[in-house]
Amino acid sequence: MSSTPLPGIGVRYDLTTRENRRLSVIAHRDGDRTLSAYRKEDPDECALSTTLTAGEAEALVGVLMPSHHSPNLLSTTELGLVAERIELSSTSYWNGRVLGETRMRTETGASIVAVLRRAEAIPSPTPDFRLAGGDELIVIGTREGVDTAAAILGRA
C-alpha cells in the first residue's frame with residue numbers, strides 16, 4: 001500500500017493485490033471516495049471507477065473490515081473523531097527527525113497524543129520529541145485528518 005497526497009483534492013492510496021491487480025482509492029477532502037480498479041493485463045488501463053459518498057464508503061468498509069477486526073483503529077466517536085495507531089517505517093522521511101517538524105496538527109488538524117516505542121508509552125510527546133522507525137503513533141482527529149497524517153508519516 002502506498003499513499004500520495006493530492007494537494008487541494010485529498011490523498012490517493014494504491015494497492016497491488018496478491019493476484020497482481022492494481023486498485024486505488026482517492027480520499028477526497030469532502031469525504032467522498034473514488035474507487036478504481038485496473039486491468040490485470042494492462043495495469044495502466046482503468047476497468048472500473050466509481051465515486052462513493054462518505055456514507056457509502058463507510059458501509060463498504062464495514063463489509064470489508066468490520067471494526068472489531070481493525071487492529072489500527074482504536075476508537076471512534078459520535079463527533080466524527082477517530083483514534084488510530086500509525087507505525088512509522090524505518091524508511092520514513094521522519095525517522096530521526098523531531099515531531100514538531102511534521103507540522104502535523106497545522107497540516108492535518110490531527111494530533112499525535114502518544115508514541116509507543118518497544119514496551120514504553122510516551123504520552124503527549126513534545127515538539128522536540130525525536131521520532132524513530134518502528135514507533136507506533138497514536139493519532140486522533142477526523143477520518144480525513146488521520147488519513148492525511150498517515151500519508152505524511154509514510155513519506156519516504
Side-chain angles (χ1 to χ4, degrees), residues 1-17 22-36 38 43 49 51-62 64-156:
M1 174 81 77
S2 66
S3 59
T4 305
L6 302 173
I9 297 170
V11 180
R12 186 184 77 217
Y13 299 92
D14 294 298
L15 168 75
T16 301
T17 69
R22 200 175 115 216
L23 302 172
S24 73
V25 174
I26 297 176
H28 296 270
R29 294 175 65 193
D30 66 2
D32 286 356
R33 302 293 190 256
T34 300
L35 171 65
S36 300
Y38 297 85
S49 184
T51 299
L52 305 171
T53 65
E56 293 165 340
E58 187 175 343
L60 181 58
V61 166
L64 293 173
M65 182 63 97
S67 62
H68 64 276
H69 283 85
S70 178
N72 291 330
L73 182 64
L74 300 173
S75 66
T76 61
T77 70
E78 292 177 9
L79 299 173
L81 298 176
V82 297
E84 191 166 307
R85 292 178 187 222
I86 299 173
E87 184 172 348
L88 188 72
S89 166
S90 61
T91 60
S92 171
Y93 171 82
W94 303 108
N95 182 15
R97 296 182 184 271
V98 296
L99 179 59
E101 289 181 46
T102 68
R103 298 179 36 86
M104 191 60 57
R105 195 175 358 228
T106 302
E107 297 296 323
T108 70
S111 297
I112 297 171
V113 298
V115 176
L116 307 177
R117 181 176 287 166
R118 295 179 207 94
E120 182 182 10
I122 299 104
S124 303
T126 60
D128 62 344
F129 178 82
R130 194 160 300 278
L131 298 168
D135 284 352
E136 285 192 43
L137 310 176
I138 307 301
V139 181
I140 295 179
T142 63
R143 172 80 273 157
E144 178 187 336
V146 171
D147 288 345
T148 305
I152 289 170
L153 292 166
R155 181 176 139 206

What verdict does the side chain to side chain contact (heavy atoms under 4.5 Å, CB included) test give for T34 and V25, after you've listed the backbone C-alpha separation in whole Å, the side-chain angles of each residue and the deciding distance to 0.1 Å? CA-CA 5 Å; T34 300; V25 174; over 6 Å; no
Just by modelled atom types, is the S2 backbone N or O under 3.5 Å from a matching donor or acceptor in the D14 side chain? no
If you round to the nearest 0.5 Å, how far is OG of S24 from CG of L35? 7.5 Å
Donor-acceptor pair, side chain of R33 and main chain of A57, under 3.5 angstrom: no
What's the shortest heavy-atom distance between S111 and R105, and which atoms? OG-NH1, 3.3 Å
If I take atom CD1 from residue I26 and atom NE2 from residue H28, how far apart are they, to the nearest 0.5 angstrom? 5.0 Å
Closer than 4.0 angstrom, basic N to acidic O: yes or no for R85 and D135? no
Close side-chain approach of I112 and L99, heavy atoms under 4.5 Å: yes
What I'd like to find out is whether the side chain of V98 reaches to under 4.5 Å of the side chain of F129, using heavy atoms alone. no
With a 4.5 Å heavy-atom cut-off, do T17 and L23 have their side chains touching? yes
I'd like to know whether CZ of R117 has more than 12 heavy-atom contacts from other residues, nucleotides or ligands below 6.0 angstrom. yes
State, to 0.1 Å, how close E87 and G134 come at their nearest heavy-atom pair, and which atoms those are. OE2-CA, 4.0 Å
For R97, does the CZ atom have more than 12 heavy-atom neighbours from other residues, nucleotides or ligands under 6.0 Å away? yes
Closest approach of Y13 to A27 (non-hydrogen atoms, all atoms of both residues): CE1-CB, 4.1 Å
All heavy atoms of E56 vs all of T51, minimum pair found to be OE1-O, 4.1 Å
Reference residue V146; test side chain to side chain contact (heavy atoms under 4.5 Å, CB included); the match among T108, I140, I86: I86
Determine the minimum heavy-atom distance between A121 and L116, stating which atoms define it. CB-CD2, 3.8 Å
When rounded to the nearest 0.5 angstrom, what is the spacing between CZ in R12 and OG1 in T4? 4.5 Å
To the nearest 0.5 angstrom, please state how far the CD1 atom of I152 sits from the OG atom of S92. 11.0 Å
Which is it for S49 and S36 under the side-chain hydrogen bond (donor to acceptor under 3.5 Å, both in side chains) test, yes or no, and what are the steps along the way? CA-CA 4 Å; S49 184; S36 300; 3.1 Å; yes
So how far is it from D147 CG to E84 CD, rounded to the nearest 0.5 Å? 7.0 Å
Measuring from atom OG1 of T102 to atom CG of L131, what distance do you get when rounded to the nearest 0.5 angstrom? 7.0 Å
From CA spacing to verdict: side chain to side chain contact (heavy atoms under 4.5 Å, CB included), L153, L137: CA-CA 10 Å; L153 292 166; L137 310 176; 3.5 Å; yes
Residues in salt bridge (charged side-chain N to carboxylate O under 4.0 Å, His left out) with R130, at least two apart? none
